[in-house]
Amino acid sequence: MKVRKAVIPIAGLGTRHFPASHAVKKELFPVVGADGIARALFHYHLLELDAAGIEEICIIVQPGEDDRVRDYLRGPDDRYLQRLEKYPALLREAGQMKSFSRRVTFAVQREQEGYGHAVFQSKNFAADEMVLLGLGDHLFRGHPVSPYRELADLAEISGGQSVSAVNRISAGELKGYGTIAGARRAGNPRLIDVSLIIEKPAVAVAQEKLRVNDLPAGTWLGWFGMHLLAPSIYDILGEMIRDNVRDHGEFQLTRAQEIQRQRHGYLALEMTGAERFDFGVPDDFVRSVSAFRRLP
Ligand code: UTP
């Protein structure tokens, strides 16, 4: 089965970037690419997904933000385009953005009720197909293959199960990530049959319950920030919203993923050659901007 669709939620409040996020949402902050061009952060998801062969992209936004993002992609008016003639690379960029503006669709998250709630808004877009999901305030790079592509390719062998990208994390990082237990597949040790998923586990819980074979002591496998989701995730999120099942006041995707695992099985792919850049808080933002610019 070919994966054609991807979802990028950018509807969060960006509280930790206040007051800058009061001027412009964090997913529109400028990030300079390896080619020296300054783009809005979310724009790199479109470039990466396009390079990975994804045809349709749904961006989840707050009410009213779709116009702002669409305007960005449509690019400037003719007068401004004339100014860009002095900068051929930027003029080319404007042309490519216009073509994205025709392929991107929007779904609106009316209330900011968590990541799972944001993802649920893309139910109609997914229309019973498997979708790639990427964290809107992170960026991803792979060498030589895009991690989006690697994950999408697993749809061929996942038997309809969801697959989450994971990478190695230390005890200190457990408080930030969904973390798994599971067993590696004999013929393909990067692929893991997941036996438990816990969001932000305490170290003692992780030590007791979240083992994956062939990992060094003090190391776990946590969410990398992208998932290949089977359509039943939308039914589960719908049930959680109907029954008001919240964690820390929010509808969390990780809880839905654990329910999906119990019902249908769940896979994880350990990312090895890929990098993740976190732009979600100011100091990580500074580090990521500088590392992203230096990418080969
Ligand atoms: P975060 O967990 O960083 O939340 O979201 P946030 O609201 O953006 O930031 P803080 O906590 O207020 O500082 C991770 C990604 O999920 C999106 C965000 O836009 C971000 O790209 N998100 C989060 C939504 O789309 N909707 C939500 O309700 C929450």
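Numbering starts at 1 and runs along the sequence shown. In each ligand, atom 1 is the first atom listed, and ligand 1 is the first ligand listed.
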Can you confirm whether the side chains of Arg246 and Asn244 place a donor and an acceptor under 3.5 Å from each other?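 There is such a pair (donor and acceptor under 3.5 Å, judged by atom type) between the side chains of Arg246 and Asn244.
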Do Gln257 and Tyr266 have side-chain atoms, one donor and one acceptor, less than 3.5 Å apart?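 Yes - a donor-acceptor pair under 3.5 Å links their side chains.
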Within the protein, residues bringing a heavy atom under 4.0 Å of ligand 1, chain by chain: Pro9, Ile10, Ala11, Gly12, Leu13, Gly14, Thr15, Arg16, Lys26, Glu27, Gln109, Gln112, Glu113, Gly114, Tyr115, Ala118, Leu135, Gly136, Asp137
Sole candidate of Arg255, Gln260, Gln262 that passes side chain to side chain donor-acceptor pair (under 3.5 Å) when paired with Glu258: Gln262
Quick check: closest heavy atoms across Tyr44 and Gly33, and the distance to 0.1 Å?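 Of all heavy-atom pairs spanning Tyr44 and Gly33, the closest is OH-N, 2.8 Å.
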Going by the angle between their ring planes, with limits at 30° and 60°, are Phe224 and Phe140 parallel, tilted or perpendicular?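 Phe224 vs Phe140 ring planes: tilted.
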Please state whether the rings of His117 and Phe251 are parallel, tilted or perpendicular, taking 30° and 60° as the class boundaries.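 His117 vs Phe251 ring planes: parallel.
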